[in-house]
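The next block holds one structure in the form of structure tokens; read it before the comments.
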Amino acid sequence: MAKIETPRPIRGTQDIIGPDAEAFAHVVETFERVRKLYRFRRIEMPVFERTEVFARSIGETTDIVSKEMYSFEDRGGESLTLRPEFTAGIARAYLTDGWQQYAPLKVATHGPLFRYERPQKGRYRQFHQIDAEIIGAAEPQADVELLALGDQVLKELGIADVTIHLNTLGDAASRDAWRAALLDHFRAVKGDLSEESQERLEKNPLRILDSKDARDKVYVADAPKIDDFLSDEAGRFFADVTSGLDAAGVKWVRAPGLVRGLDYYRHTAFEFIPDEGSASANALGSQSTVLGGGRYDGLMDSLGGAPTPAVGWAAGIERLAMLVGEGHADLQPHVAVIPVGEDALTVAQSVLAEIRSYGIEAETSFRGNLKKRMQRANASGAAFAVILGSDELASGLATVRNLSNGEEYKTPIRTLDVDLHTLVAVHKFNRGSQPDPLADALEGTQVKMTKDGLVISLLGNAPLHSDDQ
RNA sequence: GCGAAUGUAGCUCAGUUGGUUAGAGCGCCGGUUUGUGGUACCGGAGGUCGCGGGUUCGGAUCCCGUCAUUCGCCCCA
């Protein structure tokens, strides 16, 4: 008998459930809320493009294109690539879909990206990012707005021990002059550099500034600084960005060694990096950047479009989720509906529908006797159980059990939705969860339960909703 | 592409210098309690010890290969 072997998941992909999945969703929901606050328009993008979209914009010769893209041929022989980033695809859409008409255009999106890399902590072959771009704006105010968005997203996620590391690469002329000076500087001491940096010297000299090797750091310290090569215009641009950030209350530090590898980057470059020794730094291991981006005024040209200024950033959802921690599941108390016996099943369904339509989270288990279902209700973390058995059907009074303290009482099945709404609000309030208008109204009062029914004595003299805040 | 560590129950792991029937905690199923969960007690199911080969009277344990996972290097749009 041949045993069927279960197919394994693809290397570097992940199946997420539980607290990690809740944290993931929390990151996306927070991003969605904040980007609306900043009036960034939501866009949806394909996950694959013609290979040339990425090859042209990123550069044919880089490791990225030659080794790290998921490329394949479709049935027509066309080379396609799973997107390794958002920016190139968005730039393509800007050119092919006539989005110039919206310029300056603020857009945001999120979703899966793919890179053929060796997986390690916080790095996967399929990973997910949130992304924001401003296209068609050459003004430093766009950089400020974009950075402020990123800063607020992190703050609202409760990630406080992260700082913006900010640098400028200048305009094209500044950047080229600086690069030439760096080459001279490092070539003079080539033999003393680490093996990796000797390689970088030919391929990507700016990257030497990032080196962690002690042998390189000696020479990095007195390497030429971009500031000495900035044109007046580029210097003014950077000054406008930093003063704008200060005015917006966004904290940043200057990071003269921070560079972006690709040629199309100009002016502003930044990474949000956990502070040394912080909880976030420890949580991320060697993968330290949580959000990164910059100005890419040179990108549209490489795709055959008119020169178009643009600035953007992206942040890994998995990495952010690692930093927000647990505790994002089950913030809302929920109710378990427990039918006992065949007759109660349909009543349970209509009760579920009613209390859900009232905005209360509710579920029922599909099988088991009362004991079994009570166990499941407890395991699911339900705040209340509603028991519907023959007694309850006969009397029209449901049994409501508070699962945190075991108190039990009867209440008319007809008005379960209203009664539960009150109970849930009180429960939330007692637990110190987010304030609810009803819970506010109930502050300092008590809800009385009697054998005959749920009596909310204060409902007669307190408003259900408070509009004065 | 390079380096290191780890693969034993659904999960997290123990398993001594190679020795008889491979264990624990949690989870799961059942019982003490036929309409009452969370605590407690009792019982039960569940394992080709990643896979293949070798050494040996005997391998979860030692050797070789292979696959996978993890962490790091390179790279990082």
Side-chain angles (χ1 to χ4, degrees), chain A residues 3 5-14 17-18 53-59 62-69 81 83-91 113-125 127 129 131 133 194-200 203-204 206-207 210-213 259-265 269 271 284-289 292-294 296 299 302 312-316 319 336 338-341 344 365 368-393 399-408:
Chain A
K3 185 173 182 339
E5 192 160 332
T6 305
R8 311 311 308 163
I10 305 296
R11 178 200 287 270
T13 62
Q14 12 168 25
I17 193 172
V53 170
F54 306 111
R56 282 202 200 147
S57 62
I58 294 167
T62 59
D63 276 8
I64 295 159
V65 169
S66 54
K67 292 196 296 205
E68 296 180 5
M69 296 203 312
T81 295
R83 64 185 178 196
E85 58 153 358
F86 281 112
T87 307
I90 293 172
L113 303 166
F114 305 84
R115 294 180 194 173
Y116 197 89
E117 291 187 291
R118 191 89 186 210
Q120 54 184 280
K121 189 183 182 81
R123 285 179 80 161
Y124 307 94
R125 286 188 173 179
F127 58 103
Q129 288 187 340
D131 181 276
E133 316 273 349
S194 67
E195 295 75 19
E196 288 84 10
S197 287
Q198 293 191 29
E199 290 251 337
R200 291 183 181 119
K203 293 200 307 198
N204 200 347
L206 270 54
R207 276 277 160 204
D210 273 347
S211 176
K212 298 163 193 163
D213 196 298
V259 296
R260 308 252 91 196
L262 303 183
D263 286 342
Y264 57 66
Y265 278 103
E271 295 181 0
L284 288 177
S286 66
Q287 307 303 322
S288 54
T289 300
Y296 51 93
L299 173 59
S302 67
W313 57 249
R319 287 188 196 174
I338 298 183
V340 182
S365 53
N369 55 20
L370 175 59
K371 181 190 173 88
K372 193 80 245 171
R373 288 173 191 256
M374 285 296 287
Q375 280 176 352
R376 281 198 220 286
N378 187 67
S380 78
F384 301 97
V386 173
I387 298 170
L388 299 167
S390 51
D391 295 354
E392 285 80 4
L393 296 192
T399 301
V400 176
R401 185 176 176 89
N402 182 330
L403 291 176
S404 53
N405 60 17
E407 280 177 28
E408 205 166 88

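- For R401(A) and G38(B), the CZ to P distance is 10 Å, given to the nearest whole Å.
- The shortest heavy-atom contact between T289(A) and R319(A) is O-NH1, 2.7 Å.
- In this entry the distance linking CZ of R8(A) with P of G50(B) reads 14 Å, nearest Å.
- Proximity of a side-chain donor or acceptor of R125(A) to a complementary backbone N or O of E117(A) within less than 3.5 Å is detected.
- The side chain of R118(A) contributes no N or O atom lying less than 4.0 Å from OP1 or OP2 of G1(B).
- When the C1' atom is used for both A9(B) and C26(B), the distance is 12 Å, rounded to whole Å.
- Of the possible donor and acceptor atoms, none in the side chain of E199(A) sits under 3.5 Å from a partner among the backbone N and O of E196(A).
- Computed from coordinates, the L370(A) CG to G35(B) C1' distance equals 5 Å when rounded to whole Å.
- The gap from the C1' atom of U33(B) to that of A22(B) amounts to 36 Å, rounded to the nearest Å.
- Here the side chain of N378(A) is nearest to one of G37(B), C76(B), C73(B), namely G37(B).
- Judged by distance alone, with hydrogens and angles left aside, E68(A) brings no side-chain donor or acceptor close enough to the base of G1(B) to form a pair under 3.5 Å.
- Close to U36(B), at under 4.0 Å from its OP1 or OP2, lies no side-chain N or O of K371(A).
- Listed candidates were U36(B), A68(B), C74(B). Nearest to the side chain of R200(A) is C74(B).
- In this model, the phosphate group of G72(B) is approached by a side-chain N or O of Q120(A) to a distance below 4.0 Å at OP1 or OP2.
- Annotation: G58(B) and A68(B) have their C1' atoms spaced 29 Å apart (nearest Å).
- Spacing between U69(B) and U8(B) at atom C1', rounded to whole Å, works out to 15 Å.
- Nucleotides G37(B) and U16(B) place their P atoms 43 Å apart, quoted to the nearest Å.
- Where pairing requires Watson-Crick or G-U contacts shorter than 3.5 Å, the helical stems of RNA chain B with at least three consecutive pairs are B:1-7 with B:67-73, B:10-13 with B:23-26, B:28-32 with B:40-44, B:50-54 with B:62-66.
- Within 4.0 Å (heavy atoms only), L113(A) reaches no atom of the nucleic acid at all.
- Comparing A77(B), U36(B), C74(B) against the side chain of M374(A) picks out U36(B) as the nearest.
- At U36(B), none of the side-chain N or O atoms of K372(A) fall inside 4.0 Å of OP1 or OP2 (strictly under the cut-off).
- Judged purely by distance below 3.5 Å, without hydrogens or angles, the side chains of E408(A) and T399(A) never pair a donor atom with an acceptor atom.
- Distance, R123(A) CZ to C75(B) P: 10 Å, rounded to whole Å.
- The same atom, C1', is picked in G59(B) and in C64(B); the two are 15 Å apart, to the nearest Å.
- At the heavy-atom level, E199(A) lies nowhere under 4.0 Å from the strands shown.
- The backbone N or O of G368(A) lies less than 3.5 Å from a partner atom in the side chain of R373(A), making a donor-acceptor pair.
- Between the C1' atom of A4(B) and the NZ atom of K121(A) lies a distance of 17 Å, rounded to the nearest Å.
- Contact detail for A377(A) and A336(A): the closest heavy-atom pair is CB-CB, 3.5 Å.
- Of the residues near RNA chain B, Y124(A) and V340(A), the one whose nearest nucleotide (by heavy atom distance) lies more toward the 5' end is V340(A).
- E85(A) places its CD atom 9 Å from the P atom of A77(B), with the value rounded to the nearest Å.
- Residue contacts shown for E392(A) include a base, since a base heavy atom lies under 4.0 Å away.
- Across the P atoms, G7(B) and G30(B) are found 34 Å apart, a figure rounded to whole Å.
- What separates CG of N369(A) from C1' of G37(B) is a distance of 12 Å, to the nearest Å.
- Both S390(A) and N405(A) sit near RNA chain B, but only S390(A) has its closest nucleotide nearer the 5' end.
- The shortest heavy-atom contact between D131(A) and A314(A) is OD2-CB, 3.6 Å.
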Next on the checklist: side-chain contact (heavy atoms from CB on, under 4.5 Å), that's the test. Do E271(A) and R260(A) meet it? Break it down for me.
Outcome noted: CA-CA 10 Å; E271(A) 295 181 0; R260(A) 308 252 91 196; 3.2 Å; yes

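- Using a 4.0 Å heavy-atom criterion, one finds that G406(A) contacts the bases of the nucleic acid, with or without backbone contacts as well.
- Between M69(A) and Y116(A), the shortest heavy-atom contact is O-CB, 4.3 Å.
- Comparing the same atom, P, in G10(B) and in C62(B) gives a spacing of 24 Å after rounding to whole Å.
- As rounded to whole Å, 17 Å separates atom P of G37(B) from atom CD of E407(A).
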